[in-house]
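Step one of this worksheet: look at the structure below.
Each chain gets a letter, A, B and so on, in the order the sequences are listed, and its residues count up from 1.
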There are 2 protein chains.
Amino acid sequence: MSTHAQHAPHPTGLAQKLADSGLRSTPQRELVYDVLLTKRDHPTADEVFARVKPELPGISLATVYNCLETLVQCDLVRAVNFERGPTRYCPNLCPHAHFHDEATGQTHDIDLPPVLFAKLRAELPAGFDANAVEITFRGKAKTSSN
Amino acid sequence: MSTHAQHAPHPTGLAQKLADSGLRSTPQRELVYDVLLTKRDHPTADEVFARVKPELPGISLATVYNCLETLVQCDLVRAVNFERGPTRYCPNLCPHAHFHDEATGQTHDIDLPPVLFAKLRAELPAGFDANAVEITFRGKAKTSSN
DNA sequence: GTTGCGCCTTAGAATCATTCCAATTCGTTG
DNA sequence: CAACGAATTGGAATGATTCTAAGGCGCAAC
């Protein structure tokens with residue numbers, strides 16, 4: 001029965017990145033990451049839990065939190081926050097902004113030219129050393145596709 | 001009409017703004033606002049509570065939350081969030097960014113030229129209508145003055 | 001191939017900020 | 001002064017997340 005590749009090695013080399021940090025690749029971590037890559041709608045931990053459970057019924061919410069934290073640590077996903085709402089997770093690693101639709105609660109990635117990030121950084125007074133910039137728009141999105 | 005102005009009418013016309021929204025000016029609201037204007041270090045609700053209590057020992061934390069919410073509603077202060085930390089409050093109404101010092105937890109206002117805000121907005125794809133932009137830097141600030 | 005050892009996962013308790021609720025107080029107005 | 005609605009209050013409730021203690025599991029050494 002070994003001809004079935006039930007878990008094809010992860011397309012993006014998750015096992016590799018984990019190993020780089022001295023961590024193991026586990027079914028839970030693979031699956032959580034998979035879920036994030038598959039539906040990139042910035043799900044919350046609860047939503048990830050719901051998507052993962054059918055596949056791995058024994059998994060616990062605590063583990064989902066652990067896995068997400070691990071993935072963030074390994075720079076495989078980004079944690080995103082709006083106000084004090086539940087943390088959302090985003091597998092898009094290129095610098096980008098987020099648009100939070102107040103009507104639907106949906107989150108959209110907004111690509112920005114790198115030069116804009118540079119210009120923002122350039123505005124920091126001397127003595128301020130930023131290692132991250134976060135940009136969030138809030139408003140209504142009337143995407144025809146939705 | 002007494003000649004004693006025990007509570008000098010608030011320098012920034014809080015009573016006025018409240019009235020505009022059909023709300024009353026109360027000692028609690030005045031004091032909470034005062035505290036925010038006096039020390040503009042982006043305090044949390046708990047910190048505001050602590051600063052307000054000596055002046056008005058009977059005040060409750062719930063009231064502080066209520067007052068802060070009211071002030072935000074009246075556009076007298078802005079609520080600011082970092083990650084999932086407690087909400088902080090900022091009486092600076094001009095558009096500006098925030099720098100969150102990861103070492104000290106301190107928050108600094110960063111003024112940005114309006115043109116930058118405009119450029120950011122201009123990057124939004126058609127169909128996205130933003131009514132607010134939030135910009136947050138994270139990193140270390142080695143302010144000599146502090 | 002059994003034994004350790006340490007990493008992972010798990011369930012449930014604990015935490016923290018915030019909101020909700022029902023009861024009381026306060027200012028105004030009638 | 002009586003009544004009404006707005007504001008405040010303390011405490012309970014909520015929701016997301018983290019902590020904790022107890023197994024499990026895989027892999028290396030024997």
### Query
In whole angstroms, how far is the C1' atom of D:dA16 from the CD atom of B:E83?
15 Å
### Task
Grab the CZ-C1' distance between A:F49 and D:dG15 for me, whole Å please.
15 Å
### Among C:dT10, D:dT17, D:dT8, the one nearest A:Q28 by side-chain distance
C:dT10
#### Entry: Audit row: A:F128, B:H108, ring pair (Phe, Tyr, Trp, His ring centres under 6.0 Å) steps and yes/no
CA-CA 10 Å; A:F128 289 93; B:H108 306 269; 5.3 Å; yes
### Message
Assuming nearest nucleotide by heavy-atom distance, tell me which of B:A62 and B:P86 is located more 5' along DNA chain C.
### Response
B:P86
### Query
What's the CD-P distance between B:E69 and D:dA7, to the nearest Å?
13 Å
### Message
OP1 or OP2 of D:dC25 versus the side-chain N and O atoms of A:T26: is any pair under 4.0 Å?
### Response
no
### Task
Counting heavy atoms from C-beta on, name the nucleotide in D:dA7, C:dT9, C:dC7 closest to the side chain of A:N66.
C:dT9
### Message
Does a side-chain N or O of A:T87 approach OP1 or OP2 of D:dT17 to a distance below 4.0 Å, or not?
### Response
yes
### Task
In plain terms, say whether B:R138 and A:E134 are close enough for a salt bridge, that is, a side-chain N and a carboxylate O under 4.0 Å apart.
yes
### Message
How many whole angstroms separate atom OH of A:Y65 from atom C1' of D:dT17?
### Response
5 Å
### Task
Whole angstrom is fine here: how far is it from CG in A:L61 over to C1' in D:dC19?
13 Å
### Query
Is the B:H98 ring parallel, tilted or perpendicular to the B:F82 ring (thresholds 30°, 60°)?
perpendicular
### Atom-to-atom span, CG of A:L71 to C1' of C:dT9 - whole angstrom
15 Å
### Query
Taking the side chain from B:R51 and the backbone from B:V48, do they hold a donor-acceptor pair closer than 3.5 Å?
no
### Query
Under a 4.5 Å cut-off applied to non-hydrogen side-chain atoms, are A:I59 and A:V64 in contact?
yes
#### Entry: Side-chain N or O of B:R84 closer than 4.0 Å to phosphate OP1/OP2 of C:dA17
no
### Query
Taking the side chain of B:R24 as its heavy atoms from C-beta onward, which of D:dT9, D:dA16, D:dA7 lies nearest to it?
D:dA7
### Query
Rounded to whole angstrom units, what separation is found between the CD atom of A:Q73 and the C1' atom of C:dC7?
16 Å
### Query
Separation of B:R88 atom CZ from C:dA17 atom P, in whole Å?
10 Å
### Query
Can you tell me if the side-chain N/O atoms of A:S60 get under 4.0 Å from OP1 or OP2 in C:dT9?
no
## Note on the structure
Whichever of A:T44 and B:G58 has the more 5' nearest nucleotide on DNA chain D, that residue is B:G58
